[in-house]
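Written out below as structure tokens is the structure these notes cover.
FYI, the numbering just counts along the sequence from 1.
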Amino acid sequence: MSDKIDLVIAIPTAGMVRMSFAYSLAGLISATAARGMPTRPEATLTVCMDIVESSVIHTNREQLVKRAIDAGKSHLMFLDDDMTFEPQVLEIMLGRRQSVVCTNYLIKTATPEFVAVGLDGKRVPTREESTGLQPIAYSGFGCSLFELDVFKKTPQPWFLPKFIPESSSYTTEDNPCYERIREAGFPVYLDHDASKLLSHIGSRAWNWKEVAHG
């Protein structure tokens, strides 16, 4: 892996940002600026941010990735504006030295379940004892890290949802994108340790501990 990491923090948004997300983002940027990356002493890290605002989330993501590639960036981290996170998530995920690292968090439903899906098609929980990396089929993009070579070698469109005729509905953009990435030869890893530092914001914040013993 290169000793120079040129990272863009990419935020797809509909325009309204909660204070808890803004606080998390400020904490991440200030901690990175103050401490550097202690788990990656061989790397020089440069960080910038990019935002695309519209009501079409998969268009926002497509444009953010394309702009990062055109700007010559090496890595992209999606941070969705309905997430909260501790500053260490970036340090942990970059320290994995993998092309695709994503996280696990609860879907905002009345009966919470995890967003990550394993290679066997079943939901993957993050429990107290869960640690390290786990190969999976897909997860959400809420807090996810990519080497941009992944998208350079995966044909567009990257984030196109699929149509489900049986229910006359569409998938989210994450499952089809990760499927295309895996078909291009890149494994997808779930980071359980980083996942424990996240919450998913809705009418309340869904946290991994709620079903940690399920």
Side-chain angles (χ1 to χ4, degrees), residues 7-14 16-32 35 37-40 47 49 51 57 60-61 64 75-118 122-146 159 172-175 177-178 188-214:
L7 171 74
V8 57
I9 293 176
I11 303 171
T13 182
M16 297 295 291
V17 175
R18 291 177 181 262
M19 185 61 206
S20 52
F21 170 80
Y23 185 83
S24 295
L25 182 62
L28 174 64
I29 297 300
S30 61
T32 301
R35 294 168 35 238
M37 299 301 295
T39 63
R40 299 184 58 83
V47 180
M49 285 191 294
I51 297 171
I57 186 69
N60 297 352
R61 295 196 197 280
L64 284 164
H75 290 69
L76 178 143
M77 185 180 205
F78 278 129
L79 289 177
D80 287 1
D81 62 13
D82 61 351
M83 303 295 297
T84 66
F85 41 89
E86 297 297 325
Q88 304 96 299
V89 293
L90 177 57
E91 176 183 328
I92 292 171
M93 294 170 76
L94 273 177
R96 300 303 189 182
R97 295 167 171 80
Q98 299 294 335
S99 297
V100 181
V101 182
C102 56
T103 55
N104 206 8
Y105 46 90
L106 297 186
I107 301 171
K108 295 180 285 188
T109 56
T111 304
E113 62 178 351
F114 285 99
V115 67
V117 173
K122 297 179 181 179
R123 296 285 177 183
V124 177
T126 293
R127 299 189 174 94
E128 185 69 39
E129 65 272 17
S130 303
T131 190
L133 297 181
Q134 179 177 346
I136 60 168
Y138 72 96
S139 187
F141 288 123
C143 179
S144 50
L145 179 70
F146 302 87
F159 301 100
T172 53
E173 78 282 9
D174 45 23
N175 186 0
C177 180
Y178 282 117
V188 175
Y189 289 103
L190 170 64
D191 191 325
H192 285 292
D193 299 297
S195 299
K196 295 176 183 179
L197 303 178
L198 308 173
S199 290
H200 199 191
I201 312 166
S203 55
R204 62 185 180 90
W206 281 259
N207 187 277
W208 70 278
K209 293 179 182 179
E210 295 185 46
V211 291
H213 304 291

message: For a quick test of reading the model, state the closest non-hydrogen atom pair linking Asp81 to Ala14 and the distance between them.
response: OD2-N, 4.2 Å

statement: All heavy atoms of Ser144 vs all of Gly140, minimum pair found to be CB-O, 4.4 Å

- prompt: Between Thr126 and Asn104, is there a donor-acceptor pair closer than 3.5 Å when you use the side chain of the first and the backbone of the second?
  reply: no

task: Could you tell me the separation between the NE2 atom of His200 and the SG atom of Cys143, rounded to the nearest 0.5 Å?
output: 11.5 Å

- line: Separation between CD1 (Ile9) and CG (Leu90), nearest 0.5 Å, reads 6.0 Å

- line: Of Phe141, Tyr138, Tyr189, the one forming a ring pair (Phe, Tyr, Trp, His ring centres under 6.0 Å) with Tyr178 is Phe141

- prompt: Looking at CE of Met19 and OG1 of Thr84, how far apart are the two atoms once the value is rounded to the nearest 0.5 Å?
  reply: 12.5 Å

- request: Could you tell me whether the side chain of His192 reaches within less than 4.5 Å of the side chain of Leu190, counting heavy atoms only?
  value: yes

task: Check Thr13, Val17, Leu64, Asn60 against Ile51 for a side-chain contact (heavy atoms from CB on, under 4.5 Å) and give me the one that passes.
output: Thr13

statement: Note: Pro125 and Ser130 closest approach over all heavy atoms is O-OG, 4.0 Å

Considering all heavy atoms, the nearest Ala194-Val89 contact: O-CG1, 3.9 Å

Heavy-atom check, side chain of Trp208 versus side chain of Glu128, under 4.5 Å: yes

Any side-chain heavy-atom pair of Leu145 and Leu7 under 4.5 Å: yes

- prompt: Are Ile57 and Phe159 side-chain neighbours, meaning at least one heavy-atom pair lies under 4.5 Å?
  reply: no

Side-chain heavy atoms of Cys177 within contact of Arg61, under 4.5 Å: no

- request: Could you walk me through whether Ile136 and Cys102 pass the side-chain contact (heavy atoms from CB on, under 4.5 Å) test, one step at a time?
  value: CA-CA 9 Å; Ile136 60 168; Cys102 56; 3.6 Å; yes

- prompt: Can you tell me if Arg18 uses its side chain to pair, donor with acceptor, with the backbone of Gly202 under 3.5 Å?
  reply: yes

message: Once rounded to the nearest 0.5 Å, what's the spacing between atom CG of Leu198 and atom CE of Met83?
response: 4.5 Å

message: Using a 3.5 Å distance criterion without hydrogens, assess whether the side chain of Lys196 forms a donor-acceptor pair with backbone atoms of Thr131.
response: no

Point-to-point distance, once rounded to the nearest 0.5 Å, from CE of Met93 to OG of Ser195: 7.5 Å

field: Met49 and Leu25, any side-chain heavy atoms less than 4.5 Å apart
entry: yes

- request: Check the pair Ile92, Leu197 against side-chain contact (heavy atoms from CB on, under 4.5 Å), reporting the backbone distance first and the verdict last.
  value: CA-CA 10 Å; Ile92 292 171; Leu197 303 178; 3.8 Å; yes

- request: Could you tell me which non-hydrogen atom of Phe114 sits nearest to which non-hydrogen atom of Val124, and how far apart they are?
  value: CB-O, 3.3 Å

- prompt: For the residue pair Val115 and Arg123, what are the closest heavy atoms and their distance?
  reply: O-NH1, 2.9 Å

query: Between the main-chain N or O of Gly142 and the side-chain N or O of Tyr105, is there a donor-acceptor pair closer than 3.5 Å?
result: yes

message: Between Asp193 and Arg96, does any side-chain N to carboxylate O distance fall below 4.0 Å?
response: yes

task: May I ask you to decide if Thr103's main-chain N or O and Ser139's side chain share a donor-acceptor pair within less than 3.5 Å?
output: yes

message: Check the orientation of Phe78 and Phe146. Use parallel for under 30°, tilted for 30 to 60°, and perpendicular for over 60°.
response: perpendicular

